[in-house]
Peer 1: 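I have a structure here, written as structure tokens, and I will follow up with some questions on it.
Here is the naming used below: chain letters follow the sequence lines, and residue numbers restart at 1 for every chain.
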Protein chains: 2
Amino acid sequence: MAKAQRKKASKKGLILIKAAAMFREKGFAATSMRDLAEAVGIEAASLYNHIRSKNEILEAICFDVANVYNTTIDAIESSQQKTIGKIEQLLRFHIKQMTENYEDVYVSDREWKHLEEPYLSNFQTQRRNYRKKFAAIIEEGITKNEIRKIDAPTAVLIMLHAISGIESWHRSKAKISAQELEENMVMIMIDGLRKQP
Amino acid sequence: MAKAQRKKASKKGLILIKAAAMFREKGFAATSMRDLAEAVGIEAASLYNHIRSKNEILEAICFDVANVYNTTIDAIESSQQKTIGKIEQLLRFHIKQMTENYEDVYVSDREWKHLEEPYLSNFQTQRRNYRKKFAAIIEEGITKNEIRKIDAPTAVLIMLHAISGIESWHRSKAKISAQELEENMVMIMIDGLRKQP
DNA sequence: CCTACCGATCGGTAGG
DNA sequence: CCTACCGATCGGTAGG
């Protein structure tokens, strides 16, 4: 059973799905519990039979995404392949997440500031660690002479944010397919814009 | 006189500067007029002697940035140089904006959703047109055989979002200088990660 | 899961 | 630029 289906199976799951869609569209702070309740089809007070607070919803969304990220990078990190292959795999993973798990990833990426302590610190630490692991893979590639001598943390920022740009593709009724999008992105990031002579 | 100084000269300018900083930090919806008033050093009610509404502040920030973008791309578009040079110039312009005019650019990029009509539609149109002009430059480069055969709109999204990633560099007490950052970004975007044999 | 309701806070105005 | 205040809306609870 796919994740979205598993979620929909319970009322709490439905609340999380609707919340992610609304947080993405209007932002966490601008989404009211009454808006959310209406989308779910119950009264605002009834939401609290399924969730403890508005912030708990955001926590569920953000940490779900963080867990998938961490699991994936650990698997790729320890896999036996060339560094450039690891990076390509990581890029393709992020692109897939963005096209298939759009609402959750977007919210986790843009609305995590509204988390409260201790969740805020926890999330920021996980984020920082993820980027460090990613940068370490790039450093490995530079050492092995597969990758240009660049500043690895900068390269990580570029790649992660470049992929988050798919947001606009997602909204714009795609003139190209998800597959074409993925191939274009990987090519641009790995080989650059300039045509080799 | 630099722009920030010109702004600070008037009370309204000071309000705009403080507002941009707070909208960036907490988001537009989560920033209250009382928070803002405190940062400016007056009572909340007194803000309204300088501005008409909370939304007017956001409009000022977003359209200021949009105007700078439009002026710049028109100048670059009509300049006499190779296409790859135009793109590099555009990249460097965006990177400079992000390092020198951080708060305004960030807010314009992430909080414009909270604009109200007719400003919302106006802003979205300007944004779309900007991207079209950028994509046209890339198409020109493909035709002239300077740039790889890629989907131009996708390349635009990648580049603009990659640059917005500087946000994290900005926050992280930069281990590398602004100049190094710029050179790294331009190199990665133009020539890619992979080292040529 | 609903009705009824709480205290807090919001953007903004009146009047000086 | 301030004091005083408005109606609306917020997240959340009590009690059934």
Peer 1: Test B:Arg24 against B:Glu111 for salt bridge (charged side-chain N to carboxylate O under 4.0 Å, His left out), laying out the working first.
Peer 2: CA-CA 8 Å; B:Arg24 197 264 312 157; B:Glu111 302 294 326; over 6 Å; no
Peer 1: Under a 4.0 Å heavy-atom cut-off, which of residues 25-39 of chain A touch DNA chain D?
Peer 2: A:Thr31, A:Ser32, A:Met33, A:Arg34
Peer 1: If every non-hydrogen atom of B:Met189 is compared with every non-hydrogen atom of B:Ala162, which pair is closest and at what distance?
Peer 2: SD-CB, 4.0 Å
Peer 1: Could you give the distance from CD1 (A:Ile166) to NE2 (B:His161), rounded to the nearest 0.5 Å?
Peer 2: 10.0 Å
Peer 1: Considering all heavy atoms of both residues, which atom of B:Val107 and which atom of B:Ala20 are nearest to each other, and what is their separation?
Peer 2: CG2-O, 3.4 Å
Peer 1: Using a cut-off of strictly less than 4.0 Å between a heavy atom of the residue and any atom of DNA chain D, enumerate the qualifying residues of residues 49-58 of chain A by number.
Peer 2: A:Ser53, A:Lys54
Peer 1: Under the ring pair (Phe, Tyr, Trp, His ring centres under 6.0 Å) rule, collect the residues that match up with B:Phe28, sequence neighbours excluded.
Peer 2: B:Phe23, B:His114
Peer 1: Between B:Gln179 and B:Ser177, is there a side-chain donor-acceptor contact under 3.5 Å, judged purely by atom types and distance?
Peer 2: no
Peer 1: Among residues at least two apart in sequence or on other chains, which ones pass salt bridge (charged side-chain N to carboxylate O under 4.0 Å, His left out) with A:Glu182?
Peer 2: A:Arg92, A:Lys96
Peer 1: Answer yes or no: is there a side-chain heavy-atom contact under 4.5 Å between B:Met187 and B:Leu193?
Peer 2: no
Peer 1: Do the side-chain N and O atoms of A:Glu139 and A:Thr143 include a donor-acceptor pair separated by under 3.5 angstrom?
Peer 2: no
Peer 1: Using a 3.5 Å limit for the pairing distances, which stems of at least 3 consecutive Watson-Crick or G-U wobble pairs does DNA chain C take part in?
Peer 2: C:1-16 with D:1-16
Peer 1: Contact boundaries of DNA chain C with chain A (under 4.0 Å, heavy atoms), 5' to 3'?
Peer 2: C:dC1 to C:dA4
Peer 1: Could you check whether the rings of A:Phe134 and A:His94 sit parallel, tilted or perpendicular, using 30° and 60° as the cut-offs?
Peer 2: parallel
Peer 1: Please name the pair of heavy atoms, one in B:Ala39 and one in B:Lys18, separated by the smallest distance, quoted to 0.1 Å.
Peer 2: O-CE, 3.6 Å
Peer 1: List the steps, then state whether side chain to side chain contact (heavy atoms under 4.5 Å, CB included) holds for B:Ile142 with B:Thr83.
Peer 2: CA-CA 9 Å; B:Ile142 296 173; B:Thr83 309; over 6 Å; no
